[in-house]
K.L.:
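There's a structure below that I have some questions on.
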Amino acid sequence: MAKKLLQLFPQSSDKQELNYLYLYKHGWYSANTKQPIVAANFLSSLDGRIAISPDAQSSAELPKSLTSEEDFRLFLELHAQADCLITHGGYMRSLATQKLGNILQLPNSRDCEDLYNWRALQGLSPHPALVIASSSLDFPMHPSIKEHDQPVHIATGQQADADKIKKWQDDGYEVLITGKSDAVEGKPLIDALTEKNYKLFYLIAGPKMLHTMIDDQQLNKLYLSYSHQLLGGEFFRTKLDGPVLNSPKLELNSLFYDASDNKHGQFFSSYTCNYNINK
Ligand SMILES: NC(=O)c1ccc[n+]([C@@H]2O[C@H](COP(=O)([O-])OP(=O)(O)OC[C@H]3O[C@@H](n4cnc5c(N)ncnc54)[C@H](OP(=O)(O)O)[C@@H]3O)[C@@H](O)[C@H]2O)c1
């Protein structure tokens with residue numbers, strides 16, 4: 001796929017090739033970082049929808065029309081840079097019922113050989129470790145995790161059900177207590193994982209975990225893709241769920257435009273989150 005994108009920021013008349021855009025120049029990987037780096041990626045319509053549902057009862061889903069080959073390639077390039085993925089109980093349930101596809105590992109396809117090779121060159125294992133954040137602690141493990149030998153940690157809060165914590169521990173899983181209620185908090189989570197020598201965290205979670213991370217000033221890099229569509233709909237999800245935030249200053253690092261002649265256009269943007277603006 002020799003796809004070229006127009007570089008809008010930093011302003012340039014050059015076109016950039018899509019492949020490797022988020023792996024090299026605009027990636028988030030840092031080989032010898034002393035500080036942990038947390039990166040997240042979201043895809044939305046121009047009216048801000050990341051998922052919609054037909055009615056109040058049904059769970060929301062990412063509309064197929066929003067997805068694109070280009071966005072997925074960039075998602076995988078970001079994924080390839082992680083030593084630890086942060087996901088959650090809801091995703092594990094959706095994965096088990098096949099409502100969502102498996103993104104716990106890079107796909108085992110020829111298109112991803114370059115990403116596996118890149119990981120090997122950096123000294124990263126073929127597959128990152130996993131953290132599953134959950135208050136309910138009610139989710140199944142996916143067989144692919146064992147098949148790919150991925151270390152797994154479960155994270156929950158102090159008020160989570162003690163019997164369920166014990167059950168996971170009896171099954172051989174480590175449960176990290178990283179919050180005062182039954183919910184995980186961002187800083188205790190990243191501190192606990194940093195102690196285990198993870199440094200490069202990629203959030204493959206939804207609006208609640210994004211809020212958890214920003215609220216505790218843990219998110220460093222945010223990648224936002226916008227498909228040039230207006231979806232409407234009464235029942236929808238947006239990128240963030242939760243109380244009003246003290247917003248970090250988002251510094252725009254890059255903005256690319258994919259004009260896609262016969263499809264919807266797309267913006268691919270990346271930001272650094274700065275938290276000390278009010279000090
Ligand atoms: N377009 C996109 O880029 C994009 C990205 C992500 C998601 N989505 C879509 O958006 C919709 C909503 O996303 P979602 O279901 O991933 O997200 P969500 O509603 O934000 O999170 C769901 C689950 O995450 C766990 N969780 C979240 N924050 C937690 C915390 N602080 N502590 C402990 N557990 C926590 C809980 O698991 P337990 O119930 O086990 O306690 C909760 O049920 C879905 O349709 C999804 O496919 C779209």
Side-chain angles (χ1 to χ4, degrees), residues 38-54 57-68 71-72 74-76 78-79 85-104 130-142 153-161 164-165 167-168 175-190 192-193 202-216 218-219 222-227 229 231 233 235-243 245 266-269:
V38 182
N41 164 261
F42 280 83
L43 163 66
S44 71
S45 61
L46 284 185
D47 51 340
R49 273 79 170 141
I50 64 160
I52 49 178
S53 48
Q57 284 73 44
S58 316
S59 55
E61 285 178 24
L62 171 69
K64 263 228 152 46
S65 70
L66 268 192
T67 61
S68 72
D71 178 68
F72 192 55
L74 293 175
F75 169 86
L76 294 176
L78 298 173
H79 185 301
L85 300 177
I86 301 175
T87 184
H88 60 59
Y91 175 68
M92 300 304 287
R93 293 190 290 273
S94 297
L95 187 57
T97 53
Q98 296 178 353
K99 275 176 79 180
L100 289 174
N102 187 359
I103 49 170
L104 299 177
L130 297 172
V131 177
I132 303 167
S134 176
S135 298
S136 72
L137 292 174
D138 213 354
F139 58 85
M141 280 294 166
H142 192 256
H153 311 274
I154 295 169
T156 194
Q158 278 171 24
Q159 309 290 324
D161 187 316
K164 289 185 184 166
I165 293 178
K167 186 176 175 307
W168 281 113
V175 180
L176 304 169
I177 307 294
T178 57
K180 291 184 281 298
S181 65
D182 65 351
V184 166
E185 290 166 37
K187 185 158 175 11
L189 176 67
I190 298 303
L193 294 169
Y202 188 44
L203 202 61
I204 52 165
K208 292 199 176 96
M209 277 307 284
L210 185 68
H211 191 283
T212 299
M213 288 296 161
I214 297 177
D215 196 34
D216 246 1
Q218 298 302 300
L219 187 79
L222 181 59
Y223 291 84
L224 298 179
S225 301
Y226 293 94
S227 177
Q229 304 176 51
L231 293 180
F235 306 100
F236 60 86
R237 303 291 300 269
T238 68
K239 295 170 193 105
L240 269 178
D241 242 22
L245 279 171
Q266 308 175 81
F267 282 149
F268 300 112
S269 62

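One-based numbering, in listed order, for ligands and for the atoms of each.
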K.L.:
Under 4.5 Å between any side-chain heavy atoms of L78 and Y223, yes or no?
P.N.:
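Counting from C-beta outward, L78 and Y223 do come under 4.5 Å.
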K.L.:
Looking at every heavy atom in both S225 and N41, which two are closest together, and how far apart are they?
P.N.:
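For S225 and N41, the tightest heavy-atom pair comes out as OG-ND2, 4.2 Å.
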K.L.:
Between K187 and T178, do the side chains contain a donor N or O and an acceptor N or O under 3.5 Å apart?
P.N.:
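No pair is found: no donor N or O on one side chain lies under 3.5 Å from an acceptor on the other.
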K.L.:
Can you sort out the partners of F235 under ring-ring contact (aromatic ring centres under 6.0 Å, His included), two or more places apart, ordered by chain and number?
P.N.:
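With sequence neighbours excluded, F235 shows a ring-ring contact (aromatic ring centres under 6.0 Å, His included) to no residue whatsoever.
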K.L.:
In ligand 1, which numbered atoms sit nearer than 4.0 Å to a non-hydrogen atom of M209?
P.N.:
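Answer, ordered by atom number: 27 (C), 28 (N), 29 (C), 30 (C), 31 (N).
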K.L.:
Is L62 in contact with ligand 1, taking contact as a heavy-atom separation below 4.0 Å?
P.N.:
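The answer is yes, since L62 has a heavy atom less than 4.0 Å from ligand 1.
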K.L.:
Could you tell me, atom by atom, which parts of ligand 1 come under 4.0 Å of a heavy atom of E61?
P.N.:
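In order of number, 45 (O).
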K.L.:
Hydrogens and angles aside, do E185 and T212 bring a side-chain donor and acceptor to less than 3.5 Å of each other?
P.N.:
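On atom types as modelled, these side chains do not qualify, holding no pair under 3.5 Å.
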K.L.:
With a 3.5 Å distance limit and no angle check, can you tell me whether W168 reaches the backbone of I154 through a side-chain donor-acceptor pair?
P.N.:
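The answer is no, because no donor-acceptor pair under 3.5 Å joins these two groups.
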K.L.:
Please check: side-chain N/O of S53 versus main-chain N/O of S59, any donor-acceptor pairing under 3.5 Å?
P.N.:
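Such a contact is absent between S53 side chain and S59 backbone.
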K.L.:
Regarding ligand 1, does P207 bring an N or O atom to under 3.5 Å of one of the ligand's N or O atoms?
P.N.:
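The answer is yes, given that P207 and ligand 1 share an N or O pair closer than 3.5 Å.
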K.L.:
Within the 4.0 Å heavy-atom shell around R237, which atoms of ligand 1 are there?
P.N.:
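That gives atoms 12 (C), 18 (P), 19 (O), 20 (O) of ligand 1.
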K.L.:
Taking atom 17 (O) of ligand 1 as the point of reference, which of G206, S134, P63 owns the nearest heavy atom?
P.N.:
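Among G206, S134, P63, the closest heavy atom to atom 17 (O) of ligand 1 comes from G206.
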K.L.:
Using the test side-chain contact (heavy atoms from CB on, under 4.5 Å), find all partners of I52 that sit at least two apart in sequence or belong to another chain.
P.N.:
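Once residues adjacent in sequence are excluded, the partners of I52 under the side-chain contact (heavy atoms from CB on, under 4.5 Å) criterion are R49, P63, F236.
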K.L.:
Compute the minimum heavy-atom distance from R93 to ligand 1 and say whether it is under 4.0 Å.
P.N.:
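It does, in that a heavy atom of R93 comes within the 4.0 Å cut-off of ligand 1.
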K.L.:
Under 4.0 Å, heavy atoms only, figure out whether ligand 1 is touched by the backbone of I50, its side chain, both or neither.
P.N.:
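It is both parts that get close, each with some atom under 4.0 Å.
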K.L.:
With heavy atoms of A60 as the reference, note each atom of ligand 1 found under 4.0 Å away.
P.N.:
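Result: 44 (C), 45 (O).
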K.L.:
Does D138 reach ligand 1, in the sense of a heavy atom lying below 4.0 Å from it?
P.N.:
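Judged by the 4.0 Å heavy-atom criterion, D138 does not count as contacting ligand 1.
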K.L.:
Does S44 have a non-hydrogen atom less than 4.0 Å from ligand 1?
P.N.:
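Outside the 4.0 Å threshold, so no.
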K.L.:
Quick one: which ligand 1 atoms are inside 4.0 Å of a heavy atom on L43?
P.N.:
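Every atom of ligand 1 under 4.0 Å from some heavy atom of L43: 1 (N), 2 (C), 3 (O).
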K.L.:
In terms of relative ring orientation, are F72 and F75 parallel, tilted or perpendicular, with 30° and 60° separating the classes?
P.N.:
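Ring orientation of F72 relative to F75: parallel.
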K.L.:
Can you find an N or O of N41 that's nearer than 3.5 Å to an N or O of ligand 1?
P.N.:
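No; the residue has no nitrogen or oxygen that sits under 3.5 Å from a nitrogen or oxygen of the ligand.
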K.L.:
Would you say K239 has more than 12 foreign heavy atoms packed within less than 6.0 Å of its NZ?
P.N.:
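Counting neighbours around NZ of K239, more than 12 heavy atoms of other residues, nucleotides or ligands fall under 6.0 Å, so yes.
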K.L.:
Using a 4.0 Å cutoff against the non-hydrogen atoms of A183, which atoms of ligand 1 qualify?
P.N.:
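Close to A183: 31 (N), 32 (N).
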K.L.:
Under 4.0 Å from a heavy atom of A51: which atoms of ligand 1 are those, numbered in the order shown and with their elements?
P.N.:
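Selected atoms, number and element: 9 (C), 10 (O), 11 (C), 45 (O).
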K.L.:
Using a strict cut-off of 4.0 Å, indicate which atoms of ligand 1 neighbour a heavy atom of F42.
P.N.:
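So the answer, numbered in order with elements, is 3 (O), 5 (C), 6 (C).
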K.L.:
Among all protein heavy atoms, pick the one closest to atom 23 (C) of ligand 1 and tell me residue, atom and distance.
P.N.:
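The closest one turns out to be H88 ND1, 3.5 Å.
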K.L.:
Quick check: does L137 get an N/O under 3.5 Å from an N/O on ligand 1?
P.N.:
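In this structure, L137 places no N or O atom under 3.5 Å from an N or O of ligand 1.
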